[in-house]
There are 2 protein chains.
Amino acid sequence: MTQKNRMTPKAHFAEKLRLAGLRPTRQRVAIAALLLDGRHRHVTADSLTEEITTAGLHVSGGTVYNTLNQFTEAGLLRRVMVHNDYSLFDTNTDHHHHFYEAENDQLVDIPHDDVILAQLPAAPDGHEIKAVDVVIHIQSKNS
Amino acid sequence: MTQKNRMTPKAHFAEKLRLAGLRPTRQRVAIAALLLDGRHRHVTADSLTEEITTAGLHVSGGTVYNTLNQFTEAGLLRRVMVHNDYSLFDTNTDHHHHFYEAENDQLVDIPHDDVILAQLPAAPDGHEIKAVDVVIHIQSKNS
DNA sequence: ATCTAGTTTAAAATCATTCTAAAGAGCCTT
DNA sequence: AAGGCTCTTTAGAATGATTTTAAACTAGAT
Ligand SMILES: [Mn+2]
Ligand SMILES: [Mn+2]
Ligand SMILES: [Zn+2]
Ligand SMILES: [Zn+2]
């Protein structure tokens, strides 16, 4: 078992943040405890703020945005692009793709192996591929 | 050759709009003439407004947005999702994918055949696949 | 020419996100 | 344990793309 089982949860997430190059402030540790617990899900600044409130905490709006951006920059979260209305963050940073149902703005993970890219184009000269995002747009069958 | 060569360009685009179920107003025809001439490119509300101005015309901001949305809804344009900053519209509605270089917000088409999805997952129960979007994020090699 | 539903317009409103500048908190050094 | 430096947080203002509004206009039918 990993070392995390010897620490209090707070210390565990503080350590995780330090490793990511982020100073473990009270707010960041609280958000890390909510988002980086291993569960795979998709959150928005709004839904995260709700979670924080439900947990009996308070973090200013600016800090929620800053933290989501910093976690993403640090590779602790992943931003998913499916529309222009607001940002979606994925707690699953492993390589995987998504189903997106615009009808009710629902995003669902596709297991890694269920999409196979048999052939990829070469990146344009002087460039390299950083990530490949596949979004499969779906709709309910009865139109 | 198609029938379009027998009409004045204006009539040609008016007809195209009628077929798409859109009343061919002066503004829509002007925008159609700029965007639906067969060239494949990516535009924003802003870049389109510039083009309109350069052409010596004027269309209100609201109408530029409405028209882009209506054209997209009608299948004359395609919206491409690569970031949350503003909408990108593609004059190429054929099935194709994109390279995206975040560094300088540059979007480049990938020829249809250069990405092959060998295996697609089944859509969730009661749903069908409407579109598959692949975005390959790239960056210049010297980081 | 007249009518009517659909469209355009300038301006205001919306709203997610970023910025500001002042107060607070990690953390390193004494 | 205290001091100090830098990074963070905060509430609130600002930003900016997009939508909405309500009045003026027009395509197309009669
Ligand atoms: Mn918006
Ligand atoms: Mn914005
Ligand atoms: Zn996911
Ligand atoms: Zn394209």
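On a predicted model such as this, the values are computed, not experimentally measured, just so you know. Chain identifiers are assigned alphabetically (A, B, ...) following the order of the sequence lines, protein sequences preceding nucleic acid strands; residue numbering begins at 1 within each chain.
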B:H95 ring center within less than 6.0 Å of B:H97 ring center | yes

Does the pair B:K141/A:D125 count as a salt bridge with the N-to-O cut at 4.0 Å?
-> no

Looking at B:H96 versus B:H98, is the centre-to-centre ring distance below 6.0 Å?
-> yes

Whether A:T54 side chain and A:E50 backbone form a donor-acceptor pair below 3.5 Å | yes

Sidechain N-carboxylate O distance under 4.0 Å for A:R79, A:E73 = no

Answer with base, sugar-phosphate or nothing: what part of the nucleic acid does B:Y65 contact at a heavy-atom distance below 4.0 Å?
-> base

Which residues, if any, of residues 18-32 of chain B bring a heavy atom under 4.0 Å of DNA chain C?
-> B:R23, B:T25, B:Q27, B:R28

Find the distance between CD1 (B:I129) and CD1 (A:I136) and round it off to the nearest 0.5 Å.
-> 5.0 Å

Which of these nucleotides, D:dT19, D:dA11, D:dT18, is closest to any side-chain atom of B:N69?
-> D:dT19

Nearest whole angstrom, please: distance from the P of C:dT18 to the OH of A:Y86.
-> 16 Å

How close or far is atom P of D:dC25 from atom CG of B:N66, stated in whole angstroms?
-> 19 Å

Proximal nucleotide (of D:dT18, C:dA16, C:dT8) relative to the B:T63 side chain | C:dT8

Per nearest nucleotide of DNA chain D, the residue lying toward the 5' end, B:D46 or A:G61, is A:G61

